[in-house]
There are 2 protein chains.
Amino acid sequence: MVKIDEVARAAGVSISTVSYALSGKRPVSAATRTRIESAVEELGYRANAGARMLAGSRTQIFALTEPFRPDTFAPTHMAFVLATSIAARRQDYDILLLTEEDAADGMRRVADSGLVDGILVLDVAPADRRVALARQLDIPSIFIGVPDDHHGLTCVDLDFEAAAALAVDRLFEAGHRVVGLIGHPAIAYENSNFPPRVRAGFEDACARREVSGLFRTTGGPVVEIAVVRAAVADMLAEGVTGFVLHGGDDAHAAVLEELAAHGRAVPDDVSVISVGATFDPASFSVPLDAIPLIPASSCDLAVDLAMRSLGSTPPEPGVHLIPPTYRAHGSVGPPATS
Amino acid sequence: MVKIDEVARAAGVSISTVSYALSGKRPVSAATRTRIESAVEELGYRANAGARMLAGSRTQIFALTEPFRPDTFAPTHMAFVLATSIAARRQDYDILLLTEEDAADGMRRVADSGLVDGILVLDVAPADRRVALARQLDIPSIFIGVPDDHHGLTCVDLDFEAAAALAVDRLFEAGHRVVGLIGHPAIAYENSNFPPRVRAGFEDACARREVSGLFRTTGGPVVEIAVVRAAVADMLAEGVTGFVLHGGDDAHAAVLEELAAHGRAVPDDVSVISVGATFDPASFSVPLDAIPLIPASSCDLAVDLAMRSLGSTPPEPGVHLIPPTYRAHGSVGPPATS
DNA sequence: TTGAAAGCGCTACCAA
DNA sequence: TTGGTAGCGCTTTCAA
């Protein structure tokens with residue numbers, strides 16, 4: 001609508017001075033700046049996006065590729081999209097959605113057309129087709145999640161192995177010697193990168209501590225409450241006294257229900273720790289100790305890395321693992337001495 | 001990367017001919033077109049997005065504003081985002097996410113900067129701040145959902161009133177005279193535009209049919225299973241024999257569990273119809289008759305209206321209600337003659 | 001500290 | 001059916 005020359009005229013300066021005053025890329029006297037700013041304000045000026053993309057070197061847009069799969073856990077997914085968007089806006093960037101079946105096409109399209117400055121990759125699979133593509137494109141890609149082959153890639157994620165290990169450690173320290181991991185639906189161990197990492201962290205920690213560690217999925221392709229409850233019942237029968245929960249709020253609730261159905265109190269009879277949840281595990285009937293997955297932590301870092309990748313000193317490729325944090329809510333205690 | 005003049009040189013034609021061949025806005029001889037197309041293919045040419053936005057009149061981007069509220073039902077929300085994105089891509093449009101707290105700021109920003117050609121408005125509240133803004137902007141906005149004051153707006157949605165009425169009609173025809181609507185969490189009746197419409201359609205239909213209609217919310221701010229089950233128990237005590245379910249899959253499941261707990265079989269003892277669900281109500285333990293909310297229907301139409309709004313003959317503003325469809329799965333029958 | 005002007009890579013008008 | 005070219009509205013270099 002209103003263009004830069006109108007602002008220049010209103011402020012009695014040249015076009016270039018307006019541009020520099022707004023970008024801050026060249027010093028502008030305070031008086032001039034003030035005049036320009038009020039002209040901008042009055043006229044409601046906003047730089048034309050297309051002209052900026054063409055003349056400048058930045059589009060101020062990041063693409064976000066997020067394949068929607070049937071087994072996607074919607075609330076977590078939404079939380080990551082939101083966190084990414086907020087982090088981007090904080091840096092004056094917008095988010096362009098790439099949800100096409102073939103995410104690879106979209107990535108290539110937006111990269112080759114110069115529509116975006118970088119790509120944020122969500123919901124990473126262990127063997128993700130977007131990995132190979134990211135290496136070819138001439139704009140940076142940041143992976144939120146860690147694919148199996150991440151050579152040369154920049155990845156950000158919670159340190160799920162450490163998170164699971166931390167949970168086992170806490171249970172061990174409390175005295176538990178038989179612990180169980182209630183995971184995700186079986187298919188998530190193929191489609192997603194982090195459930196296997198939780199499992200691996202859990203199993204490694206159990207081996208290291210010489211505690212007995214049981215693992216069960218929660219059905220599939222989507223969570224099946226009955227499967228969850230059966231898993232809990234089986235584990236109780238096997239002598240499990242410490243539970244590690246990785247999964248959605250529905251699976252969490254089902255575990256607590258099944259424990260209640262068996263008359264096991266938390267933490268008096270059994271201990272429970274939630275790992276990698278994006279919801280609030282303190283809001284259950286029994287507030288649960290948690291090692292949460294905080295979308296903002298990953299997304300802020302991812303956007304930060306994307307920004308730095310555009311700068312003159314891009315960061316080295318590599319995996320950035322965010323250390324887990326433990327939030328106690330009283331759901332862990334010594335095992336019952338029956 | 002590779003620019004239009006390289007394509008022109010490779011194909012032995014002028015720049016403008018390349019442009020016209022690709023846009024189809026001017027006839028190009030088959031031979032020339034073929035040469036150009038293979039040059040494009042070989043060189044991997046893709047028109048620069050910024051240049052296109054600046055020179056052309058279209059950005060090929062729609063904004064999608066989707067406020068994330070705590071009570072947002074994530075799966076449905078995701079389904080709409082996905083459906084919108086797919087519909088847009090089909091028209092060669094990309095989707096730019098607007099999730100900022102103050103959606104109004106984002107709308108104004110992308111409109112004033114010419115970043116997008118139009119705005120799709122999701123998750124519409126009865127009194128939505130985006131309504132006033134949409135009227136000011138000089139790009140078209142399409143609302144997916146119907147705000148209270150929709151004068152001059154273009155809105156698209158399932159005809160929820162008709163959907164609820166259809167459910168009541170079917171129950172009435174089957175012989176039910178006391179029916180109950182299990183709705184959404186209470187807060188949704190203030191934050192969202194469609195739960196009140198379902199309720200209104202239900203109550204009107206009940207009045208028209210002279211059947212007794214009970215209504216209950218499902219707790220709040222988020223669904224509370226215990227509240228759902230209590231609502232069902234109360235309704236059974238009040239003699240309800242036909243249930244209309246509007247809500248998430250968790251609420252549906254809770255209703256079926258509570259019915260089972262009371263020993264009421266579907267459809268022998270009670271009848272159940274799901275209204276406005278985006279998931280598959282045929283996949284429950286008891287397959288449910290459904291009047292579904294199909295995101296693709298609304299989103300395809302919304303994108304279509306957005307496209308037409310950019311054309312030379314923009315559609316009249318108005319509310320486009322999509323007629324409900326009934327899918328029978330055997331969960332409706334005559335009431336038990338006890 | 002500021003201004004003038006040369007592009008950025010397209011689209012679409014005017015000619016041929 | 002095709003080509004030349006004037007912008008589109010900025011950013012940034014070169015000058016002052």
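Remember, it's a predicted structure, so these values are computed and weren't measured experimentally.
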| query | Do any side-chain nitrogens or oxygens of A:Arg52 fall under 4.0 Å of OP1 or OP2 in D:dT11? | reply | yes
| So which nucleotide from D:dG9, C:dA12, C:dC10 ends up closest to the side chain of B:Ile4? | C:dC10
| task | In whole angstrom, give the distance that lies between atom CE of B:Met1 and atom P of C:dC8. | result | 16 Å
| field | Neighbour count above 12 (heavy atom, 6.0 Å) for A:Arg26 CZ | value | yes
| Between C:dC8 (C1') and A:Asn48 (CG): distance, integer Å | 13 Å
| message | Tell me whether the side-chain N or O atoms of B:Thr17 pair up with the base of D:dG3 as donor and acceptor below 3.5 Å, since no angle test is needed here. | response | no
| Nearest to the side chain of A:Ser16, which nucleotide is it out of C:dT11, C:dG3, C:dC8? | C:dG3
| task | Compare side-chain N and O positions of B:Thr32 against OP1 and OP2 of D:dT2 and report whether any pair is under 4.0 Å apart. | result | yes
| field | Separation of atom CD1 in B:Ile15 from atom P in D:dT1, rounded to whole Å | value | 21 Å
| message | Just the rounded figure in Å: distance from P of C:dT1 to CD1 of A:Ile36. | response | 13 Å
| With under 30° as parallel and over 60° as perpendicular, where do the rings of A:His77 and A:Phe68 fit, or are they tilted in between? | tilted
| Quick one: is D:dT11 close enough that its OP1 or OP2 comes under 4.0 Å of any side-chain N or O from A:Ser19? | yes
| message | Pick the closest DNA chain D nucleotide for B:Ser29 and for B:Leu54 by heavy atoms, then say which residue is nearer the 5' end. | response | B:Ser29
| message | Measure CZ/B:Arg33 against C1'/D:dT1 and give the value in whole Å, please. | response | 12 Å
| remark: Taken to the nearest whole Å, CE/B:Met53 to C1'/D:dC10 is 12 Å
| remark: Here the distance between atom C1' of C:dT2 and atom CZ of A:Arg35, to the nearest Å, is 11 Å
| field | Rounded interatomic separation in angstrom, taking CD from B:Glu6 and P from C:dG9 | value | 9 Å
| field | A:Val131 vs A:His150 side-chain heavy atoms within contact, under 4.5 Å | value | no
| message | Would the base of C:dT1 count as contacting A:Arg26 through its side chain, where contact means a donor and an acceptor less than 3.5 Å apart? | response | no
| said: If you count every heavy atom of other residues, nucleotides or ligands that lies below 6.0 Å from B:Gln136 atom CD, does the total exceed 12? | reply: yes
| said: Within the supplied structure, the quantity of interest is the number of heavy atoms (other residues, nucleotides, ligands) at a distance under 6.0 Å from B:Arg135 CZ; does it exceed 12? | reply: yes
| request: Could you tell me whether the phosphate oxygens of D:dC10, OP1 or OP2, come under 4.0 Å of any side-chain nitrogen or oxygen in A:Lys3? | output: no
| message | Does C:dA4 have OP1 or OP2 under 4.0 Å away from a side-chain N or O of A:Tyr20? | response | no
| With no angle test and no hydrogens, is the base of D:dG4 tied to the side chain of B:Ser14 by a donor-acceptor pair under 3.5 Å? | no
